[in-house]
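Here's the structure, in structure tokens; my notes come after.
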Protein chains: 2
Amino acid sequence: MSVISGNQIKKKRHRQQLVDATIETVSEFGIAGASVTRIITRAKLSRGMIHLHFDNKEHLLIEAARHMSDVYYAQLETFLRSAGTNASDRLRALISADLSDKILNPKTVNAWFAFRGEARSHNSFAKHSDTRDDALRQMFIQAYRELAKDRNEPDALARDAAHGTIALLEGMWADYLLHPDAFNRNTAKRIVFRFISALFPVNFDTTVN
Amino acid sequence: MSVISGNQIKKKRHRQQLVDATIETVSEFGIAGASVTRIITRAKLSRGMIHLHFDNKEHLLIEAARHMSDVYYAQLETFLRSAGTNASDRLRALISADLSDKILNPKTVNAWFAFRGEARSHNSFAKHSDTRDDALRQMFIQAYRELAKDRNEPDALARDAAHGTIALLEGMWADYLLHPDAFNRNTAKRIVFRFISALFPVNFDTTVN
DNA sequence: AATAAAAATGGACAATCATCCATTTCACGG
DNA sequence: CCGTGAAATGGATGATTGTCCATTTTTATT
């Protein structure tokens with residue numbers, strides 16, 4: 001049975017409206033400037049809705065951070081699905097997804113860094129303000145292990161390569177945040193691949209697709 | 001003559017107390033939580049001091065960001081002075097300074113990311129929330145140009161290497177912010193050098209000092 | 001249509017915010 | 001040790017904040 005009522009649909013839509021409006025408001029005004037009034041004005045909903053759906057403002061902010069994390073991992077999976085199964089293909093997919101405009105765009109990046117800026121002082125944000133968490137790290141390590149299998153200390157090399165690649169991607173996001181006009185997606189990608197290619201000369205070339 | 005009065009010394013000390021207290025408060029409570037009351041309580045000064053020395057809270061925050069930037073570059077120069085003059089020595093100095101505990105410590109890093117989180121929404125912060133700005137970039141490019149001089153397209157290689165190195169350092173800071181317990185300064189340094197060594201095999205080895 | 005339950009509204013509320021300024025305290029030359 | 005101008009104080013003020021809840025509107029059921 002499980003008939004979905006009109007109310008339930010509406011409720012879900014309103015929830016999403018609030019989450020979206022929150023991300024946009026945080027992106028534009030920062031966490032400090034994301035007041036309840038600004039959020040509900042943008043969502044075109046009434047004041048009480050935040051309390052109704054999320055109990056309080058903090059839970060709404062946490063849900064907004066979680067939603068961004070979900071979108072990130074969904075994008076990774078999309079890219080992974082349409083990629084080959086060998087290690088270098090998977091690496092290329094992960095990196096391309098990370099730098100794709102679905103997630104590397106002004107709204108998302110602003111909001112990410114805004115949440116991250118409050119991560120330490122606001123414990124509840126910390127969990128969701130780390131996109132590149134252990135799950136992603138494991139994907140990278142797994143892929144690099146295949147590339148490193150004939151090298152000296154392959155495990156250490158794979159771990160270092162994964163650690164460094166994540167740091168590189170992180171740095172490219174910061175670059176995008178701080179120099180949005182000068183930033184070039186393909187340049188960023190080329191540089192990441194250039195560094196990786198130097199570590200694994202056999203498996204990559206310096207051309208960018 | 002320029003005799004410095006007791007008043008002037010006191011005034012300067014109070015200014016610095018406010019800046020320090022602001023950085024500490026931002027580090028602990030974020031920008032959103034850094035209220036005037038919290039700042040002046042920590043500084044052990046009276047309410048009106050902010051208005052007296054900085055006109056308003058915003059100017060105080062900007063000065064705090066500027067001060068952190070000054071400390072960063074002072075640290076770079078300290079390391080550069082005690083380093084050799086060839087390219088690889090200078091690179092090693094820049095990277096070691098960036099990852100040194102004088103600036104890569106909980107208080108500073110928290111505050112950096114807090115300011116950066118508000119950079120886009122609060123234009124006045126943006127200028128000072130980018131540690132690794134053009135001045136540092138030029139130092140890296142200059143050094144890498146020497147290493148790249150016998151390679152193909154040395155200028156492009158030097159620019160990419162500088163861009164990537166800055167991104168790597170940026171990523172290591174984010175790693176420190178989000179995983180302070182797991183973070184290891186020497187590991188971070190080793191990984192950065194490992195990536196650079198792969199790009200310039202002649203000039204670096206993988207051992208860390 | 002009528003009725004009950006659920007959802008949504010938006011004004012009211014106390015708490016907190018940054019700023020201001022009348023008052024007090026201090027430093028210093030005479 | 002006094003007098004003067006600058007420095008420092010901290011309570012008052014109005015604006016803004018997140019939360020709450022009495023009322024209205026919408027939805028589902030009879």
Side-chain angles (χ1 to χ4, degrees), chain A residues 1-23 25-26 28-65 114-115 118 121-122 124-125, chain B residues 1-23 25-26 28-65 114-115 118 121-122 124-125:
Chain A
M1 290 300 160
S2 169
V3 176
I4 296 166
S5 71
N7 254 348
Q8 283 174 296
I9 292 171
K10 202 169 169 187
K11 193 171 176 182
K12 216 162 187 181
R13 206 187 66 218
H14 285 170
R15 241 186 101 92
Q16 195 54 47
Q17 275 177 3
L18 277 172
V19 167
D20 290 341
T22 301
I23 293 171
T25 307
V26 167
E28 188 169 346
F29 300 102
I31 299 280
S35 68
V36 167
T37 304
R38 278 197 176 128
I39 292 169
I40 56 99
T41 301
R42 189 176 290 260
K44 296 185 181 182
L45 294 172
S46 66
R47 238 177 147 52
M49 291 295 269
I50 287 176
H51 179 251
L52 189 68
H53 285 291
F54 299 93
D55 253 36
N56 54 39
K57 186 189 158 189
E58 174 165 336
H59 283 120
L60 170 58
L61 286 171
I62 292 170
E63 282 307 308
F115 277 111
E118 301 280 307
S121 54
H122 217 133
S124 9
F125 295 166
Chain B
M1 289 305 154
S2 168
V3 176
I4 297 168
S5 72
N7 253 345
Q8 282 175 295
I9 292 171
K10 202 170 170 186
K11 193 171 175 182
K12 216 162 186 183
R13 206 188 66 218
H14 285 170
R15 240 186 101 93
Q16 194 56 47
Q17 275 178 4
L18 277 171
V19 167
D20 289 342
T22 302
I23 293 171
T25 308
V26 167
E28 188 168 347
F29 300 102
I31 298 281
S35 68
V36 166
T37 303
R38 278 196 175 130
I39 292 169
I40 55 102
T41 301
R42 188 175 292 256
K44 297 186 180 183
L45 294 172
S46 66
R47 241 180 144 53
M49 291 292 270
I50 287 176
H51 179 251
L52 188 69
H53 286 291
F54 299 94
D55 255 37
N56 55 41
K57 186 188 159 190
E58 174 165 336
H59 283 120
L60 171 57
L61 287 172
I62 292 170
E63 283 307 308
F115 277 111
E118 300 280 306
S121 55
H122 217 134
S124 11
F125 295 165

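As the structure is a computational prediction, the values presented were derived from the model and not from experiment. Note on naming: letters A, B, ... go to the chains in the order of the sequence lines (proteins, then strands), and numbering restarts at 1 for each one.
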Rounded interatomic separation in angstrom, taking [atom1] from [X] and [atom2] from [N]:
X	N	atom1	atom2	answer
A/I50	C/dA7	CD1	P	18 Å
B/R13	D/dA8	CZ	C1'	12 Å
B/M49	C/dC21	CE	C1'	16 Å
B/K44	D/dA8	NZ	P	18 Å
A/F29	D/dT17	CZ	P	11 Å
B/R15	D/dA8	CZ	P	12 Å
A/L52	D/dT26	CG	P	16 Å
B/F54	C/dT19	CZ	P	13 Å

Which nucleotide in the set [options] lies at the smallest distance from any side-chain heavy atom of [X]?
X	options	result
B/H53	C/dT9, D/dG18, D/dA8	D/dA8
A/S35	C/dT19, D/dT17, D/dT9	D/dT17
B/R47	D/dA12, C/dT9, C/dG11	D/dA12

(message) Would A/H122 and A/I31 count as a side-chain contact (heavy atoms from CB on, under 4.5 Å) here? Give the steps.
(response) CA-CA 11 Å; A/H122 217 133; A/I31 299 280; 5.9 Å; no
(request) Output all residues satisfying ring pair (Phe, Tyr, Trp, His ring centres under 6.0 Å) with B/H53, sequence neighbours left out; order by chain, then residue number. (result)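 With neighbours one apart ignored, the set is empty.
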(message) Return whichever of A/G48 or A/V36 has its heavy-atom-nearest nucleotide of DNA chain D closer to the 5' end.
(response)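 Nearest-nucleotide comparison on DNA chain D picks A/V36.
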(request) For the residue pair B/H51 and B/N56, establish whether any side-chain heavy-atom pair is separated by less than 4.5 Å. (result) no
(message) Please confirm whether the shortest side-chain N or O distance from B/H51 to OP1 or OP2 of C/dT19 is below 4.0 Å.
(response)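 No, no such contact exists.
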(message) If the cut-off is 4.0 Å, is B/H14 near the phosphate of D/dA8, judged by side-chain N/O to OP1 or OP2?
(response) yes
(message) Can you tell whether the side chains of A/R15 and A/E63 come within less than 4.0 Å, N to carboxylate O?
(response)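 Salt bridge flag = yes for A/E63 with A/R15.
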(message) Looking at A/E28 and A/R38, is there a salt bridge between them, counting it only when a charged N and a carboxylate O are closer than 4.0 Å?
(response)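 So A/R38 does not pair with A/E28 through a salt bridge.
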